[in-house]
Structure formats: structure tokens, C-alpha cells
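Proteins come first, then strands; the chains are lettered A, B, ... in the order of their sequence lines, and each starts at number 1. Computation of the quantities below employed the complete heavy-atom set of this structure, encompassing side-chain atoms and omitting hydrogens, waters and symmetry-equivalent molecules. Since the structure is predicted, the reported quantities are computational estimates derived from the model, not experimental observations.
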Protein chains: 2
Amino acid sequence: MAAQINIRDIADKAGLSISTVSRVLNGKAKEYRIGKKSQEKVIKIAKELNYVPNQFAANLKSGKSKTIALIVPSLNNPFFAEIASRINTEIRKYGYITIIGETGEDQEIEKKELQQLMSRNIEGLIIVPCGNQWEHINNLYTQDFPIVCIDRYFEDLKIPFVSINNYESSFLATKYFVDNGHKNIACIQGVKESNTNILRVEGFKAALNESDIESSNIVGNDFTVKNGYKETKHLLQQEQRPTAILALSNTIAMGCMKAFKEADISVPDDISLITFDDHPYLDYLATPLTCIAHPIKDISKKAVKFIFSILTDKKLRSDQVLLKPKMKIRSSVKAID
Amino acid sequence: MAAQINIRDIADKAGLSISTVSRVLNGKAKEYRIGKKSQEKVIKIAKELNYVPNQFAANLKSGKSKTIALIVPSLNNPFFAEIASRINTEIRKYGYITIIGETGEDQEIEKKELQQLMSRNIEGLIIVPCGNQWEHINNLYTQDFPIVCIDRYFEDLKIPFVSINNYESSFLATKYFVDNGHKNIACIQGVKESNTNILRVEGFKAALNESDIESSNIVGNDFTVKNGYKETKHLLQQEQRPTAILALSNTIAMGCMKAFKEADISVPDDISLITFDDHPYLDYLATPLTCIAHPIKDISKKAVKFIFSILTDKKLRSDQVLLKPKMKIRSSVKAID
DNA sequence: AATATTAGAACAAACGTTTGTTTTAAATAA
DNA sequence: TTATTTAAAACAAACGTTTGTTCTAATATT
């Protein structure tokens with residue numbers, strides 16, 4: 001590897017001092033009254049030599065790493081992949097980079113990742129927490145470290161978050177089932193203790209309540225294909241088989257579909273289905289799936305904006321934002337009576 | 001954020017010099033004959049103070065960033081998302097981190113990302129190049145910078161790569177069409193100049209040739225949903241409508257399906273379809289799609305292993321590996337006669 | 001003519017490490 | 001005792017920036 005050319009090389013070639021070069025390159029020419037010709041010379045030479053500043057040196061001096069960490073459960077889930085993509089793009093706009101950590105929904109891994117990431121002097125953290133333990137995250141918050149939770153969050157803490165109104169989401173979906181004549185509606189949930197799950201379940205119950213439907217059929221315990229599959233199997237064997245299922249994540253819905261297929265049950269003729277999390281491929285499924293869509297773009301933008309507002313204002317705000325969910329009606333719900 | 005404690009704090013507290021502390025902390029105690037008690041003291045204090053080394057300072061001095069860059073077209077494409085996920089996981093095992101850059105299939109952005117990433121003193125690069133320009137990439141290679149292309153690569157250059165045999169892939173798929181009685185087979189291609197595309201098209205042609213089918217119906221010019229959609233629309237209007245379509249990417253296939261749906265054409269009854277790139281959701285589509293599956297896990301592992309073997313051996317190898325593709329037969333191809 | 005002002009640029013001290021070299025003091029050898 | 005070796009640790013120079021301060025001319029002011 002050829003030695004990177006540095007600011008001194010430029011200074012030598014231009015016959016100027018490194019401080020002058022640095023100032024020109026940092027756009028502080030006016031502030032420090034650097035002459036026009038000097039400026040031009042520096043810029044020209046920098047271009048010629050294809051100069052790329054050494055971030056480590058710059059960061060060391062300034063104490064800024066220009067790095068934000070993003071922790072998600074898994075990039076392999078299209079939902080989080082899209083989040084990562086959006087956030088990555090947004091962060092780049094600020095001249096920062098993103099380091100991505102994956103937890104695999106394992107809280108211990110989450111803690112380890114966090115430590116590793118911290119040693120990289122990250123300036124901020126955007127995280128989709130993967131469990132109900134919050135100490136390691138709240139510690140950062142109380143130490144005034146810029147942090148924001150997305151998608152999932154901790155209700156009783158002051159840690160800022162950007163998410164959707166999960167209660168409203170499942171309320172909406174459930175209501176839609178009810179309006180279509182469904183009375184025996186099952187809900188396959190994810191990790192029971194996670195707050196998104198709790199709220200979604202509450203919304204589900206509330207909608208049923210409002211419609212004077214008593215029995216609530218809530219099963220499952222994980223945001224995985226496997227859980228969706230297993231629970232659907234069970235549901236299909238109940239004597240009073242539900243006419244509709246609300247899947248609290250895209251992974252769960254995949255499991256549902258797998259089970260449907262094996263049992264040769266078709267959507268929506270034999271059973272109706274609504275899932276959380278939108279994705280283009282939902283349009284091309286055997287039956288295009290009606291879903292609760294997260295405004296991922298908005299969430300990402302808000303989260304990034306938020307981190308940078310903390311970073312620049314230096315004062316710790318504690319915004320907690322719940323965006324409106326949107327139901328994308330496709331054709332996986334049948335009207336019955 | 002509380003001020004990070006540094007090596008000097010430890011030195012002061014231990015009554016030792018910073019060099020001694022550094023050596024203990026870096027496991028060079030024996031080499032430099034640091035006394036037992038001093039070692040223990042340093043380690044104890046470091047733990048007490050919860051010392052986290054400043055990577056920037058260390059990196060600046062050592063020139064090592066413990067960072068590998070990964071450049072992909074977009075995380076929003078499940079295929080690349082999975083690659084990113086696998087590679088990220090692999091790289092973490094080495095104590096390194098990954099920075100991910102996205103190009104959006106824009107070569108200019110690719111160049112800029114590369115520059116930005118280089119300024120982070122990355123030690124290696126894994127890249128899915130997004131065009132036919134190779135100078136900026138080959139420059140790195142000739143400068144002995146550890147680099148490996150994955151998925152896409154440059155045939156005539158010595159840059160190492162790990163990919164699948166694209167020629168064989170489409171040959172396989174096309175042959176499968178032929179074996180099922182198809183004669184009028186169309187191929188919707190991606191970026192014409194990209195080598196994966198060229199090879200896939202060649203494999204397509206060769207398979208037809210071998211089967212004495214002359215007319216080859218090759219259309220399209222982009223690895224996008226839009227292109228797949230547009231070209232399918234056209235294909236459906238040809239007087240001799242093809243009975244089978246080979247989509248050279250998952251995005252193109254999505255476009256196909258969109259067009260099919262609009263025209264109320266069903267797979268495989270009205271038309272057969274094979275796509276490149278596998279994904280779990282393909283199983284749940286209206287018709288589960290037969291596809292050419294990349295061994296993503298193997299590709300990722302090999303690529304990462306490769307980067308680190310260059311990094312440690314310090315000698316530049318130029319492995320060029322083509323893995324065997326696998327066709328996953330689902331049910332999107334109909335036997336006709 | 002002497003002084004003050006200003007534009008333009010250089011100096012030099014950090015930032016927190018790593019690492020080659022040197023110093024110190026104790027232990028061994030002569 | 002004096003010289004030599006060795007164990008243990010300190011010194012100090014980088015790494016490539018940023019940035020507060022100082023210097024030098026040239027120009028403007030009195």
C-alpha cells in the first residue's frame with residue numbers, strides 16, 4: 001500500500017504551512033484570512049495528489065469520531081435491512097458513517113456489541129433494543145450519551161425513541177377484521193415482555209373489547225418464523241378454528257403462511273391474515289398481504305435528525321415520538337358474516 | 001458524556017509510566033520484562049476505572065484501524081442484505097468491525113464512498129462493484145491493498161473475487177426450461193456491461209444453442225424492478241409471446257410478477273419463470289419461484305477469510321473463486337410440449 | 001516619519017496511543 | 001572493589017491532524 005499522502009505533502013508542495021493548508025481544507029479560509037491564491041493553490045494540489053484526510057488523526061484531535069452506531073436484531077430481516085439502509089444513507093449525509101451491530105435478538109450479544117462499539121468512540125447510538133433489560137442502555141442515557149431507540153422502546157424510561165403507535169396499529173388491524181365480520185380472531189405475538197408486543201396485544205384486546213368480543217386468542221412468544229409456524233399449526237387444530245389471524249411481525253406471518261400451505265389452507269378464502277411490517281414482496285405473495293406499514297423512512301430520518309440535534313445542541317432532549325401507522329389494504333382479508 | 005479515562009490516568013494511579021501501562025495492556029509484558037506486581041497493578045486499575053482504549057490514538061500510531069469496508073449496491077435488496085449480515089458477522093469474529101457503504105448502483109457514488117471509506121483507514125475492502133469501471137478498484141489492488149470482489153467481478157483483471165459461476169447458472173436454468181419443453185424463452189437482463197450479466201447471457205445463449213434453438217430473446221438493461229416490469233410488458237405483447245422468462249435478478253423478477261399480475265397472467269400456467277437470487281419469501285409467492293441460489297454463506301465466509309489471509313500473510317494472493325450455483329426447484333416452471 | 005492597523009501566514013502545542021531507545025538500580029561476575 | 005550484565009521501567013519521538021497564538025510584511029493613519 002502506497003503511503004497515504006498527507007497534509008504536510010500538500011504544504012510542502014504549496015510552499016505553505018500545514019496549518020494554512022488545514023484551514024483551507026476545512027473551509028476556514030475566510031475566518032483566518034488566507035489569501036485567494038493560497039487557497040486555490042492548496043485546493044488544486046489537494047485534488048492533484050488525490051488527498052484524503054486521515055480521519056483518525058482528525059478525530060483524535062477533535063475528539064469526534066464522526067461515527068454513529070446502529071444496533072438491530074438482524075439485517076436478514078427485510079424490515080431491519082430497510083431501516084439500516086435508510087439510516088445509513090441519512091447518516092452519510094452528515095459526513096458521518098454508521099457501524100452496524102447485529103444482536104440476533106440475544107440480549108447478551110447486545111451488551112457485548114454495545115461495548116465493542118463504544119470503544120470505537122461512537123458519538124451516538126440508534127438501537128432497536130432486543131429485550132426487556134434496559135440498564136446498559138439507560139446507563140448511556142443518564143451519562144448524557146446521545147441515544148435513541150427506534151421501533152422498540154422502554155415506556156417507563158426517559159430514553160428518547162421514535163416508533164409507531166403500536167397500540168393503534170393492532171387496534172386498526174383488529175377493527176378491520178371485525179368490520180369484515182370476523183369474530184374469532186387470533187393473535188400470534190412475539191416476545192411477550194417487549195413493549196411493542198405488549199402494546200400491540202393491548203390494542204388487539206381493546207378492539208375486540210370495543211366490539212363486544214370476549215374470547216381473545218393470543219398465542220406465541222417469539223418474533224420468528226418458527227413461532228409463527230408452530231402457533232398457526234396449533235390454531236388450525238382448535239375445534240373453533242379462528243377465521244382471522246393477526247401476525248405481530250413479518251417473520252411470524254411467514255411462519256403462518258408456511259403452516260397454511262402445509263395444511264392446504266388458502267388466504268383469504270379459508271382464513272384471513274394481517275401482518276405487521278410492509279415489504280414490496282408482500283404484493284406478490286399467493287395472496288397479497290394486508291399489513292400494518294411502518295413509515296420506515298420517516299422513522300429513520302427522525303431518528304438520525306434527533307441524534308444530530310443532541311450532538312450539536314449538546315443538551316439532552318428526551319423526545320419520544322410515536323408516528324401514525326398505516327394499514328396497507330391488499331387482499332388477505334375476506335368479508336364474512 | 002463523562003471524559004474517557006486514558007492510559008495516563010492509569011499510569012498516574014499506578015505510579016508507573018504510560019509506556020509500561022501500554023505494554024501491559026497490549027500483552028507485551030513478557031517481551032519487555034515488566035514485573036509481575038506492576039502487571040497486576042495495571043490490570044486491576046484498568047478494570048477498576050473501566051478503561052476503554054481510544055482506538056483512534058492507537059490506530060493513528062499503529063496505522064491499523066481494525067476495520068473492513070463492505071460496499072454493496074443496496075441493503076434494501078434482500079440478497080445484498082443477507083450478504084451484509086453474513087459478512088458483518090464473520091468480520092466481528094476477528095475483532096474487526098465492518099463499515100457498510102451503499103452505491104445505489106451508481107458508479108460515481110461508488111467512487112465517493114470508496115474515498116470516504118479509505119479516509120477511515122480501512123484495512124481491507126469487500127466490494128460488489130456496480131459498474132464496468134474498474135480503475136479506482138484496480139488501483140487499490142495494484143497498490144497491494146487487501147481487496148476482494150464478491151458476486152460481481154472483473155474477468156480480465158487480477159483482482160481476487162468470490163462469486164458463483166454465472167455462465168453455468170443461467171445455462172442450468174435455461175436447460176431446465178428446455179428440458180421442460182420450452183422453446184420460446186426470453187431473458188431479461190440487467191446492466192449489459194456488467195460481467196455477471198454478460199456471463200449469464202452467454203450461458204443462456206449457449207444452452208439455447210446446444211438445444212438448437214436459434215432465436216434468442218434478450219431484452220432489458222437494468223437490475224431493477226422497473227426494468228423487469230417494462231420488459232415483461234413488452235414481451236407479453238410480442239406476437240410470439242415467450243412461454244418462459246429467465247429473470248437475471250430478484251428485482252427483475254419482481255417487475256415480471258407485477259406485469260403478470262396486471263395482465264392477469266399466472267405462473268406457471270400461462271408463463272414459466274426462473275429468477276436469480278434466492279430468498280425465503282420466494283416460497284410464499286403466488287407461485288413459489290424456482291431460482292438460482294447463491295451460496296451466500298460460503299461466499300461471505302470465503303471472502304472474509306480471504307481478506308484476513310492477505311492481511312496476515314502480507315503477501316498478495318490473487319485467488320479467483322467461482323462457487324457452484326444451485327438451482328432451487330419450486331413450481332414456477334411448467335412442462336409443456 | 002513614526003506609529004498603528006491589518007491581511008496573510010507560520011509556529012507550536014496538543015489529542016492518546018505505540019514503540020525504539022535509554023536510564024536506573026540491583027544482581028552477578030571479574 | 002570495580003566492571004558487567006540484567007531486570008525493570010522511564011523517556012521521548014512519532015502518527016496526522018486541529019487550533020490558539022504569534023510573527024511578518026504591507027498598508028493605513030497620525
Side-chain angles (χ1 to χ4, degrees), chain A residues 1-43 45-46 49-67 95 118-121 123, chain B residues 1-43 45-46 49-67 118-123:
Chain A
M1 199 55 202
Q4 282 281 16
I5 79 119
N6 60 28
I7 211 173
R8 160 152 284 122
D9 297 328
I10 299 180
D12 288 349
K13 197 148 190 179
L16 291 166
S17 74
I18 59 168
S19 51
T20 300
V21 173
S22 171
R23 282 174 172 130
V24 171
L25 261 21
N26 283 299
K28 300 186 180 170
K30 254 148 273 170
E31 191 180 341
Y32 285 91
R33 307 173 298 208
I34 312 289
K36 272 277 171 219
K37 328 107 219 161
S38 298
Q39 289 186 43
E40 285 162 10
K41 214 193 286 183
V42 167
I43 290 175
I45 295 177
L49 299 183
N50 208 8
Y51 170 71
V52 179
N54 181 324
Q55 297 277 356
F56 288 122
N59 296 165
L60 176 58
K61 188 66 179 91
S62 64
K64 301 287 160 199
S65 65
K66 298 222 165 197
T67 301
M118 287 307 288
S119 86
R120 296 277 176 164
N121 287 21
E123 290 183 51
Chain B
M1 200 57 200
Q4 283 283 14
I5 78 121
N6 61 27
I7 212 174
R8 160 153 282 123
D9 298 327
I10 300 181
D12 288 350
K13 198 149 190 178
L16 291 166
S17 74
I18 59 168
S19 51
T20 301
V21 173
S22 171
R23 283 175 171 127
V24 171
L25 260 22
N26 283 299
K28 300 187 178 168
K30 255 147 272 172
E31 191 180 341
Y32 284 91
R33 309 173 296 208
I34 312 289
K36 273 277 170 219
K37 329 105 220 165
S38 297
Q39 289 184 43
E40 284 161 10
K41 213 194 289 182
V42 167
I43 290 175
I45 294 177
L49 299 184
N50 206 10
Y51 170 70
V52 178
N54 181 323
Q55 297 275 358
F56 291 120
N59 296 165
L60 177 58
K61 188 64 177 90
S62 66
K64 301 287 160 204
S65 64
K66 296 222 167 200
T67 301
M118 288 306 291
S119 82
R120 296 275 177 165
N121 288 22
I122 54 173
E123 291 184 50

By nearest-nucleotide position on DNA chain C, the 5'-leaning member of B:Asn54 and B:Ser19 is B:Asn54
Looking only at heavy atoms, the pair that brings A:Ile7 and A:Tyr51 closest together is N-CE1, 3.7 Å
Worksheet item: Within the pair B:Ser38 and D:dA9, is there a side-chain N or O less than 4.0 Å away from OP1 or OP2?
Response: yes
Of all heavy-atom pairs linking A:Thr67 and B:Arg120, the shortest is OG1-NH1, 2.9 Å
* To do: Determine the contact category for B:Ile18: base if any of its heavy atoms lies under 4.0 Å from a base atom, sugar-phosphate if only primed atoms, P, OP1 or OP2 are that close, otherwise nothing.
  => base
message: Can you tell me if A:Ser22 touches the phosphate of D:dT18, counting only side-chain N or O atoms and a distance under 4.0 Å to OP1 or OP2?
response: yes
Between B:Phe56 and B:Arg33, the residue closer to the 5' end of DNA chain C by nearest nucleotide is B:Phe56
The answer to which of B:Ser17 and A:Lys61 contacts DNA chain D further toward the 5' end, by nearest nucleotide, is B:Ser17
B:Lys64 NZ to C:dT18 P, in whole Å, measures 14 Å
B:Lys28 atom NZ is separated from D:dA9 atom P, nearest whole Å, by 18 Å
Note: for A:Ser62 and B:Ala57 on DNA chain D, the residue whose nearest nucleotide lies more 5' is B:Ala57
From CZ of A:Arg8 across to P of D:dA14 the rounded distance in Å is 11 Å
Rounded to whole Å, the CD1-C1' distance (A:Ile7 to D:dC15) equals 14 Å
Considering only heavy side-chain atoms of B:Arg23, the closest of C:dT21, D:dT19, C:dG8 is C:dT21
Taken to the nearest whole Å, CD/A:Glu31 to P/C:dA9 is 16 Å
Closest of C:dT18, D:dT21, C:dA9 to the B:Ala58 side chain is C:dT18
Would a distance-only check, ignoring hydrogens and angles, find a side-chain to backbone donor-acceptor pair under 3.5 Å from A:Asp9 to A:Asn6? yes
Between CD1 of B:Ile10 and P of C:dT17 the distance, given in whole Å, is 8 Å
Is B:Tyr32 near enough to D:dC11 that one of its side-chain N or O atoms lies under 4.0 angstrom from OP1 or OP2? no
Please determine whether a side-chain nitrogen or oxygen atom of B:Thr20 lies at a distance below 4.0 Å from atom OP1 or OP2 of D:dA9. no
**Asked** Counting only side-chain N and O atoms of B:Asn26, is one of them less than 4.0 Å from OP1 or OP2 of C:dT18?
**Response** yes
Scanning both residues in full, the closest heavy-atom pair of A:Leu49 with A:Lys13 reads CD2-NZ, 3.9 Å
Report task. Give B:Asn59 one of three labels, base, sugar-phosphate or nothing, depending on what nucleic acid heavy atoms sit under 4.0 Å from its own. Result -> nothing
What one should report as the nearest heavy-atom pair of B:Ile34 and B:Gln39 is O-NE2, 2.9 Å
Rounded to whole Å, the CG-P distance (A:Leu16 to C:dC11) equals 11 Å
Rounded to whole Å, CG of B:Asp12 lies from P of C:dG16 at a distance of 13 Å
Looking only at heavy atoms, the pair that brings A:Ala11 and A:Val21 closest together is CA-CG2, 3.7 Å
